[in-house]
Amino acid sequence: MAMGFSQQQKATQIQAQRMSQKQIQSLNLLSMNAADLREEIFKQLEKNPALEIVSDNFESGVKSARYKNLPGENIRTGVASSLGEQKSEAFQEILESRPDERKSLFLHLTEQINMLTLDQAKKRLCKKIIANLDSRGFYILAPSTLVDKRAGESKKLLEECVDIVQNLDPPGICVENVEKSLLLQAKLKGGSPRLALFLLDGHLDFLNPPQGQKVLEKIEAFLAAQKKLSFAKEDFSFLESVSEDDVDRALYFIRSLDPFPARDFSQEETHYVAPDIYVEKVQEEKSGLKEGVDYEKRSVSLGADSFFRIRISDKAIPQIRIAPDFGPAQKNSGFAKAAISQAKMFLEGLEYRENTIAKAACAIVQKQIEFFKNGPGNIVPLKQKDIAALIGVHESTVSRMASSKYLQCQWGVFPIKHFFSSAVADVSKESAQYQIQKLLEENPQKKWSDQKLAAALAERGIKIARRTVAKYRSQMNIESSYSR
């Protein structure tokens, strides 16, 4: 049977929604926190000569961060040299003041411990040992001081836990000093030269200076001293056949070790976050604010004379504008027109970001008013689509707004996503966790099982299943009643 193929043209009509470049840029800016936005602004300043800095809290006195690129010219001109030096120094200051975003040694080691199959006693003591390490990975206090005999901990358990931590990454941590760190690294590597192990085990002074012939002479002097002893604790006979080449190989191996194995981790144990939104309670007679939320004045009324003011942080964000001298100097330039158009689009994106964050923050404060008035434990169920409906945007826009941003109020600093909580029997997850914490704090002598906690919560009007209590307790890093 013959088969034929033919081509046909058909006209179809479909509807497709595509975002413009301006919309894409605005949404990208909305998803950025203050630190990321600052970097993006400097990228735009570098790319677009139509933009200039008006003011910057981190670059006092620097009015412009642009170069003038005139079409048709191959010469790149900049600002005066004195101002250039000032800008260079200011930029260096920014680099030096940037937060250390690397993972801390404590977090790195704790994550590894959590992945190991250990009983609760070992895991608890291992975490105490990790918490006793300084930024170099060395002991702060003698490990023996960490043993709690009342909790059933012993010297043997301590030794086992120290060995566990010493075998974590990076090698060479959980020791007293640099010498012990180098020796531990050599032992963990395997196949280490025997002479290197000898030098690292209490004889590092032989390496001063680290010259083969000098080191060999000190080894020979050491052997002579050992032979004079009436008794020998250790057998050092292998040192008698050591040559200068052996010393050089040992020195080469020792140089491959890292005296500060924790150097690649953050030196800061606590990572600070910069709030993007501030919510401040204000007492003011005849404030003139309408009841409820006022998006224009960025406030949420609490009554006749008090309200919450919502303020967007601009401390880390440079104030920029279109340079007044850019357009007129290049009236007939297509390059200048394109640069100004792109600059306007970027500035509009910044304005959209600020207005959207402010409106969403106002709506969150309005919906979570009990939390802002009375503090933790008063979060009510709230979804992102509820806020989106209130301010007239898509749910994904609210999700971008909430991404990696923080809000500061009188109760502390919270991620925006903290205020979106799913409902469990009309009670938010945050409220349930808060009540669990309160029950345990109010009755420290009681060994609350998950079932007893669920029953106690039910008496307070929070009806959740035992398995939900167990899940929330685990998320709060609270051990079971058996381990507490």
Side-chain angles (χ1 to χ4, degrees), residues 15-59 62-73 76-79 87 91 94 276-277 295-296 298 310-362 387-388 391-405 416:
Q15 284 187 333
Q17 186 177 15
R18 293 188 179 182
M19 290 193 295
S20 66
Q21 185 63 33
K22 180 179 178 179
Q23 289 173 315
I24 293 171
Q25 186 182 61
S26 296
L27 291 174
N28 286 338
L29 293 174
L30 179 63
S31 65
M32 296 178 185
N33 58 26
D36 293 336
L37 181 61
R38 180 180 178 83
E39 288 188 16
E40 180 62 24
I41 288 173
F42 276 100
K43 284 180 185 177
Q44 292 295 325
L45 285 163
E46 187 177 341
K47 290 192 303 183
N48 193 336
L51 289 169
E52 73 171 6
I53 291 179
V54 178
S55 64
D56 184 359
N57 290 324
F58 293 165
E59 291 189 87
V62 178
K63 298 299 182 185
S64 176
R66 63 186 174 92
Y67 287 100
K68 297 178 180 178
N69 297 292
L70 300 180
E73 293 186 6
R76 192 177 190 190
T77 60
V79 292
K87 183 183 183 304
F91 183 67
I94 291 172
D276 299 270
I277 303 165
Y295 293 115
E296 186 177 343
R298 299 181 180 179
I310 289 81
R311 181 168 57 87
I312 308 303
S313 173
D314 59 358
K315 184 178 179 181
I317 302 173
Q319 299 301 304
I320 62 174
R321 68 180 179 185
I322 296 175
D325 62 339
F326 181 77
Q330 305 172 66
K331 288 180 182 177
N332 301 318
S333 168
F335 168 78
K337 289 178 180 178
I340 291 172
S341 175
Q342 291 171 2
K344 285 181 177 178
M345 185 170 71
F346 185 68
L347 291 172
E348 288 170 2
L350 293 177
E351 185 178 4
Y352 171 80
R353 175 187 182 275
E354 179 172 338
N355 290 337
T356 303
I357 292 175
K359 286 181 72 176
C362 287
I387 297 299
I391 64 175
V393 298
H394 193 271
E395 184 180 346
S396 62
T397 302
V398 175
S399 177
R400 285 185 173 91
M401 183 282 305
S403 176
S404 68
K405 296 183 185 67
I416 300 296

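Every value quoted in this text rests on a predicted model; they were computed, and no experiment measured them.
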Enquirer: Hey, are Gln25 and Gln21 close enough side-chain-wise for a donor-acceptor pair under 3.5 Å?
Expert: no
Enquirer: How far does CD of Gln23 sit from OG1 of Thr397, to the nearest 0.5 angstrom?
Expert: 9.5 Å
Enquirer: Under a 4.5 Å cut-off applied to non-hydrogen side-chain atoms, are Pro318 and Arg38 in contact?
Expert: yes
Enquirer: Search all heavy atoms of Pro49 against all heavy atoms of Lys47 and return the closest pair with its distance.
Expert: CD-O, 3.5 Å
Enquirer: Output the distance between atom CG (Leu51) and atom CG (Leu347), rounded to the nearest 0.5 Å.
Expert: 6.0 Å
Enquirer: What distance do Arg311 atom CZ and Ile277 atom CD1 have between them, rounded to the nearest 0.5 Å?
Expert: 11.5 Å
Enquirer: Answer yes or no: is there a side-chain heavy-atom contact under 4.5 Å between Leu350 and Glu40?
Expert: no
Enquirer: For the pair Arg298 (side chain) and Ala361 (backbone), establish whether a donor and an acceptor sit closer than 3.5 Å, ignoring hydrogens and angles.
Expert: no
Enquirer: Report the distance from atom CG of Leu37 to atom CG of Asp314, rounding to the nearest 0.5 Å.
Expert: 11.0 Å
Enquirer: Indicate the atoms forming the closest heavy-atom contact of Asp276 with Ser404, along with that distance.
Expert: OD2-O, 4.2 Å
Enquirer: Of the options Leu45, Ile320, Ile322, Asn48, which is the one that meets Phe346 in a side-chain contact (heavy atoms from CB on, under 4.5 Å)?
Expert: Ile320
Enquirer: Which distance, rounded to the nearest 0.5 Å, do you find between the CG of Asn355 and the CD1 of Ile391?
Expert: 10.5 Å
Enquirer: Where do Leu29 and Gly349 come nearest, in terms of heavy atoms and distance?
Expert: CD1-C, 3.6 Å
Enquirer: Donor-acceptor pair, Ser341 side chain versus Lys337 backbone, under 3.5 Å?
Expert: no
Enquirer: Can you tell me how far apart OG (Ser399) and CG (Leu27) are? Round to the nearest 0.5 Å.
Expert: 11.0 Å
Enquirer: Show, in sequence, the C-alpha distance, side-chain angles and deciding distance for Ile317 and Glu354, and conclude whether the side-chain contact (heavy atoms from CB on, under 4.5 Å) test is met.
Expert: CA-CA 11 Å; Ile317 302 173; Glu354 179 172 338; over 6 Å; no
Enquirer: Would you check if the side chain of Lys405 reaches a backbone N or O of Ala34 as a donor-acceptor pair within less than 3.5 Å?
Expert: no
